[in-house]
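Just so you know, these numbers use all the heavy atoms, side chains as well, and skip hydrogens, waters and symmetry mates.
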Amino acid sequence: MNALSDIELWLLVKQEDAAAFEILYNRYWEQSYKTCYWHLLDQESAKDIVQELFVDLWVKREQINITETLEGYIKVALRNRVFNHIRSLNTKKKHNHNAAVQAPVAGFEVQERYSEKELRQLYLGEIGKLPDKMKDVFTLNKEEGYSIAEVAQKLSLSEQTVKNQLSNALKRIRSGLEHYRIIMILLGIYLYIFFNAT
Amino acid sequence: MQAFCNDTFFMRIIDKEQLLVLLEKQRLGTCTEAEEALLNQWFDEPPVIEALTFVSDEEKERIKSDIHTAIRARIATAPQKSRRLTFRIKAIAAAAALLVCLSLLGVYFFSGNGTEQMIEVTAPQGIAQLPVTLPDSSLVWLSGGSSIRYPEHFASHERHVTLDGIAHFSVQPNKQAPFTVYTPEHVSVKVLGTSFVVDVRRGTKRVEISVITGLVQVDEDKDKLDVLKPGEKLSYSCNDKSFRKKKYAPEEVKAWNNNGIIYLNAVSLSEISVLLQTMYHVNLKYDPKQTAPYRFNMSFSRDLTVDAVLDMLHSVSGLSFEHDGKNIKITQ
């Protein structure tokens, strides 16, 4: 059954085939989670969105008609959900502020490259904040490409210690980025209100 | 505001602000095509640092199973809402579908492939009822000492399980895939979505089927014996291959269910671990050597929370249970 194409599996799902649904989950959960996570930098929201998407796929399987690819369908569904999530963050802050549709959008350019670069900078900044030992482990493994066993030997640590240090380092860096993202969203929203109020 | 107007932050904020404006326009349906394209492009290219998505393989597996568990829980409860409303229609549809699957039965026997991975679950003697979730989210309460065999994935057109012992089945309705319980005594039970109890204790030379909801068809090999309605019970004697149908008192099934109480009699921690994992989706972590001498005698209600059960386990054993999310660490 694992060899079936997405569309074949989807037709089985439409006939209430739970096994086919499982396979589709295994195929698409990771990409879906990753997309949501990097847009929101928030594990719980990303998990919720992926969960709701798959529940909807199952519950509404009879109404959903995949016209092109399942991958495409999932992408569009995730996009709508991520956009709704960002809007809802916005509404929470907005209260009775009336959304001004006429807000200026002139000169709009999505700064993708810029934020990619910026994220990279923040990432390096967070690495700099790590305790020395942890930083050594991290740099050797992630930046210089040494294996866990090699790092353990170089620094005279056990492999388990290296693994723990590495996962702790990643956690610290990630929570640093998550913190930054939350501040950015809030600042963005305040400024939005400020612009529209004037 | 001026405090934020250094280069880095300024670009970022403008980006966010414009994004929100566009999202608002999209919601109101006033986006131009170019603006839609900008939104889509923004979504397609999020900045990503691959190594940070998951900090370890363990975290990845945990997130995968967290989402999966949540989906299963939501899906399992979803169809039940409509079941009560459409009960009469369902019953008629069930009768029609029974006829269809009878005529197809021969084909399935020959087309079945033998490569499917089978799972066999045996409830330890000391446990009154072990909950088993089947691949289609149907729930089976398996009596102590009973065992059930089922494939890792059900086929799209049939759901076959083999029971040896006593079990209470709550079958997820699925018109396309009839659910059949085979027993070692050539008697099989076929349903489409219902709940019932099958009792095939070895040694008693008797098979009993009690129906709680829905329609159930009982077959002997390929011959149909009878169709049971809720409140009916069929007793089959393996000696003379005769059967009797009678009304059962609702208390009988209730008594079997023990009013939702799970009895544990001299069970080990590893057996409790399986029980809690199935009931609450939690993982017990303990040192098997340290806990090997422990045997538990206790009973608890099915609807207790996991923490309440852990409290009881703690007070009877003195072991300490540290509950952290999906994991429970047990120490002396």
Side-chain angles (χ1 to χ4, degrees), chain A residues 1 12 15-20 22 25 29-30 33-35 37-39 43 47-48 50-51 54-55 58-59 75 79 82-83 86-87 90 99 101 103-105 108 110-112 114-116 118-121 123 142 163 166-168 170-171 173-174 177 184-185 187-189 191-192 194-195, chain B residues 1 4 8-9 11-28 30 35 38-49 51-56 58-60 63-64 66-68 70-71 74-75 78-79 135-137 152-157 172 174-177:
Chain A
M1 202 180 210
L12 289 174
Q15 296 165 29
E16 278 189 65
D17 190 321
E22 293 284 309
Y25 175 75
W29 83 271
E30 188 180 345
Y33 172 83
K34 209 165 94 179
T35 305
Y37 177 77
W38 284 106
H39 272 302
Q43 285 198 339
K47 273 156 66 172
D48 285 350
V50 176
Q51 174 211 323
F54 277 92
V55 168
W58 179 259
V59 174
K75 197 178 107 181
R79 186 165 70 205
V82 167
F83 284 171
I86 296 172
R87 281 192 201 104
N90 185 28
V101 190
V105 270
F108 185 85
V110 181
Q111 322 268 334
E112 280 317 319
Y114 191 86
S115 36
E116 182 89 53
E118 191 183 42
L119 187 71
R120 191 82 204 162
Q121 276 171 358
Y123 171 64
K142 294 291 168 196
K163 268 189 210 166
L166 207 53
S167 112
N168 286 336
L170 288 166
K171 255 185 224 160
I173 295 169
R174 195 172 60 185
L177 296 187
M184 280 302 99
I185 288 173
L187 285 180
I189 290 157
L191 203 70
Y192 174 54
F194 173 77
F195 273 149
Chain B
M1 284 299 154
F4 307 125
T8 317
F9 288 114
M11 299 303 272
R12 213 34 224 176
I13 294 165
I14 288 300
D15 197 55
K16 200 81 211 170
E17 190 268 332
Q18 285 164 329
L19 174 72
L20 288 170
V21 171
L22 283 186
L23 286 178
E24 196 56 27
K25 290 187 83 173
Q26 195 201 38
R27 188 179 71 81
L28 297 165
T30 55
E35 286 168 338
L38 279 177
L39 276 175
N40 293 347
Q41 190 205 345
W42 181 87
F43 180 81
D44 286 345
E45 297 164 1
V48 170
I49 297 171
L52 289 182
T53 310
F54 306 107
V55 298
S56 60
E58 290 79 36
E59 187 189 62
K60 183 174 169 182
I63 290 175
K64 181 182 180 187
D66 279 359
I67 304 173
H68 189 253
I71 295 170
R74 294 262 308 273
I75 286 175
D136 64 340
S137 305
E152 196 182 351
H153 303 293
F154 282 129
S156 56
H157 53 272
Q172 281 294 329
N174 180 355
K175 276 181 277 180
Q176 271 80 39

**Prompt:** Out of curiosity, B:Glu24 CD to A:Ile86 CD1, how far, rounded to the nearest 0.5 Å?
**Reply:** 12.5 Å
**Prompt:** Do you know which two heavy atoms are closest between A:Gln43 and B:Ile63, and how far apart they sit?
**Reply:** NE2-CD1, 3.9 Å
**Request:** With the side chain counted from C-beta on, respond yes when A:Tyr123 and B:Leu52 share a heavy-atom pair under 4.5 Å apart, and no when they do not.
**Result:** yes
**Request:** Output the distance between atom CG (B:Leu22) and atom CZ (A:Phe83), rounded to the nearest 0.5 Å.
**Result:** 9.0 Å
**Asked** Taking the six-membered ring for Trp, is the centroid-to-centroid distance between B:Phe54 and A:Tyr33 below 6.0 Å?
**Response** yes
**Prompt:** Less than 4.5 Å apart, any side-chain heavy atom of B:His68 and any of A:Glu22?
**Reply:** yes
**Side chain A:His39, main chain B:Phe43, donor-acceptor under 3.5 Å** = yes
**Request:** Give the member of A:Thr35, A:Val55, A:Asp48 that has the highest number of heavy-atom pairs under 4.5 Å with chain B.
**Result:** A:Val55
**Region of A:Lys47 in contact with chain B, defined by heavy-atom distances below 4.5 Å** = both
**Request:** Using salt bridge (charged side-chain N to carboxylate O under 4.0 Å, His left out) as the criterion, list what pairs up with A:Glu30, not counting sequence neighbours.
**Result:** B:Lys60
**Request:** Could you check which of A:Ala18, A:Ala19, A:Ser167 has the highest count of heavy-atom pairs closer than 4.5 Å to chain B?
**Result:** A:Ser167
**Asked** Got a salt bridge between B:Glu58 and A:Lys163, using NZ or NE/NH1/NH2 to carboxylate O under 4.0 Å?
**Response** no
**Prompt:** Is there a side-chain contact between A:Trp38 and B:Ile49 (heavy atoms, below 4.5 Å)?
**Reply:** yes
**Request:** Using a 4.5 Å cut-off on heavy atoms from C-beta on, say whether the side chain of B:Lys64 contacts that of A:Tyr25.
**Result:** yes
**Message:** Quick check against the 3.5 Å criterion: does A:Arg87 have a side-chain atom that pairs as donor or acceptor with the backbone of B:Leu23?
**Reply:** yes
**Request:** Any chance you could measure B:Ile67, atom CD1, to A:Gln51, atom CD, to the nearest 0.5 Å?
**Result:** 8.0 Å
**Asked** Got B:Asp44 and A:Lys75 here, is their nearest side-chain heavy-atom distance under 4.5 Å?
**Response** yes
